[in-house]
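For reference, the structure discussed in these notes is given below.
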There are 2 protein chains.
Amino acid sequence: MPLPFDLLADPTRRRILGLLLRRPYLVGEMAHELEMSQPRVSKHLRVLRDAGLVTVRAEAQRRWYVLRPEPLADLDAWLAPYRRLWTERLDALERHLETMPDTPMERSRHAAEES
Amino acid sequence: MPLPFDLLADPTRRRILGLLLRRPYLVGEMAHELEMSQPRVSKHLRVLRDAGLVTVRAEAQRRWYVLRPEPLADLDAWLAPYRRLWTERLDALERHLETMPDTPMERSRHAAEES
DNA sequence: CATCAATATACCCCTCTGGTTATATAACGG
DNA sequence: CCGTTATATAACCAGAGGGGTATATTGATG
């Protein structure tokens, strides 16, 4: 199964995943919350489902869509070799600070990004 | 600056980044190693450069392209909230196994994926 | 200065995809 | 049964972008 980059390239799909991060959603709920047409949401959900990023549970005419994080874990794995490139710098800084125990230290920060 | 998903959606660009993960490269070298035309490589490098994923150092007519991992760190940050979804399961498994020390254990598997 | 080497850009074509509107499908309520 | 609700799909359109070939640019070299 290929990596889900093309899926995540679409901002609409990222918004959908953002919703599903909180809880399972109905199609209509998503369309309403994201202020977009129902066919538009359905089409994207089709793509996400084909790629294994979501699963569906039917309940009468309702369809509960649930996030399936495995493909994102694959993406995470793909990132691994690149991750060294920026963690190494932080590690180096850490080691450096350790050699200067009398220097006042700053705490590292982390920024979250929303698309 | 937007997340680099659209950039990574293209397999050619991922191959280029794969090269740059090892060392800086010249345009011609990449074109040769990836067996594609030079304009094709140049075009993708333009996109990558505009998005801040690579930097260039000129040396006569040569152009050394260097990977710049910061945008990938942004992507990593974007993944963070989703990462909980699969690490929690592993953590739960871990805790579970800790409570049953006499039960024979199976090893978990991990699949690596290449694009 | 003429030529060659390395790279960037222009232009054209063609496919892919995301959006819209209209319609099909299917299950519920009266 | 009949209308209504929830969702999926079809048909169509417009724009984006990736690929190729040709050409511009810039620096080295004899």
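As a basis for the values below, the full set of heavy atoms in this structure was taken, side chains included, without hydrogen atoms, waters or symmetry mates. So that the names make sense, note that chain A is the first sequence line, chain B the second, and so on, each numbered from 1.
- Atom C1' of nucleotide dG19(C) and atom CZ of R13(A) are separated by 12 Å, given to the nearest angstrom.
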*Audit row: W64(A), E59(A), side-chain hydrogen bond (donor to acceptor under 3.5 Å, both in side chains) steps and yes/no*: CA-CA 7 Å; W64(A) 289 103; E59(A) 174 187 298; 3.1 Å; yes
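- For the pair R62(A) and dC28(C), the criterion of a side-chain N or O lying under 4.0 Å from OP1 or OP2 is not met.
- Of the residues in residues 46-57 of chain B, those with a non-hydrogen atom less than 4.0 angstrom from any atom of DNA chain C are R46(B).
- Between the NE2 atom of H44(A) and the C1' atom of dG18(C) there is a distance of 6 Å, given to the nearest Å.
- Comment: R23(A) engages E29(A) in a salt bridge, judged by a side-chain N to carboxylate O separation of less than 4.0 angstrom.
- Regarding contacts with the backbone of dA6(C), every side-chain N or O of Y65(B) stays at 4.0 angstrom or more from both OP1 and OP2.
- When the side-chain nitrogen and oxygen atoms of T12(A) are compared with OP1 and OP2 of dG19(C), one or more of them lie within a distance under 4.0 Å.
- L45(A) comes within contact range of no nucleotide atom at all, as no heavy-atom separation falls under 4.0 Å.
- Computed from coordinates, the Q61(A) CD to dT25(C) C1' distance equals 11 Å when rounded to whole Å.
- Per the geometry, CG belonging to L7(B) stands 14 Å off C1' belonging to dA16(D), to the nearest Å.
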_I'd like to know whether L26(B) forms a side-chain contact (heavy atoms from CB on, under 4.5 Å) with R62(B), so could you lay out the CA-CA distance, the side-chain angles of the two residues, the decisive distance to 0.1 Å, and finally the verdict._
CA-CA 7 Å; L26(B) 294 175; R62(B) 317 285 177 79; 3.7 Å; yes
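- Dashed line: the shortest gap from a side-chain N or O of Y25(A) to OP1 or OP2 of dA6(D) is not under 4.0 Å.
- Using a 4.0 Å cut-off between charged side-chain N and carboxylate O, D10(B) and R15(B) make no salt bridge.
- The distance from atom CD of E59(B) to atom P of dT7(C) is 10 Å, rounded to the nearest whole Å.
- Residues R83(A) and D76(A) form a side-chain contact, since some pair of their non-hydrogen atoms from C-beta on lies under 4.5 Å apart.
- In this structure, W78(B) has its ring center closer than 6.0 angstrom to the ring center of Y82(B).
- Near-neighbour residues of DNA chain D inside residues 27-40 of chain A, defined by a heavy atom below 4.0 Å, number-ordered: V27(A), G28(A), Q38(A), P39(A).
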*Using the side-chain hydrogen bond (donor to acceptor under 3.5 Å, both in side chains) rule, take T12(B) and R40(B) through it: C-alpha gap first, then chi angles, then the decisive distance, then the call.*
CA-CA 9 Å; T12(B) 301; R40(B) 183 172 167 192; 3.2 Å; yes
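- Mapping R63(A) and K43(B) onto DNA chain C by nearest heavy atom places K43(B) at the nucleotide closer to the 5' end.
- Across all non-hydrogen atoms, the minimal contact from L67(A) to P69(A) is O-CD, 3.8 Å.
- At least one donor-acceptor pair closer than 3.5 Å links the side chain of R14(B) to the backbone N or O of L8(B).
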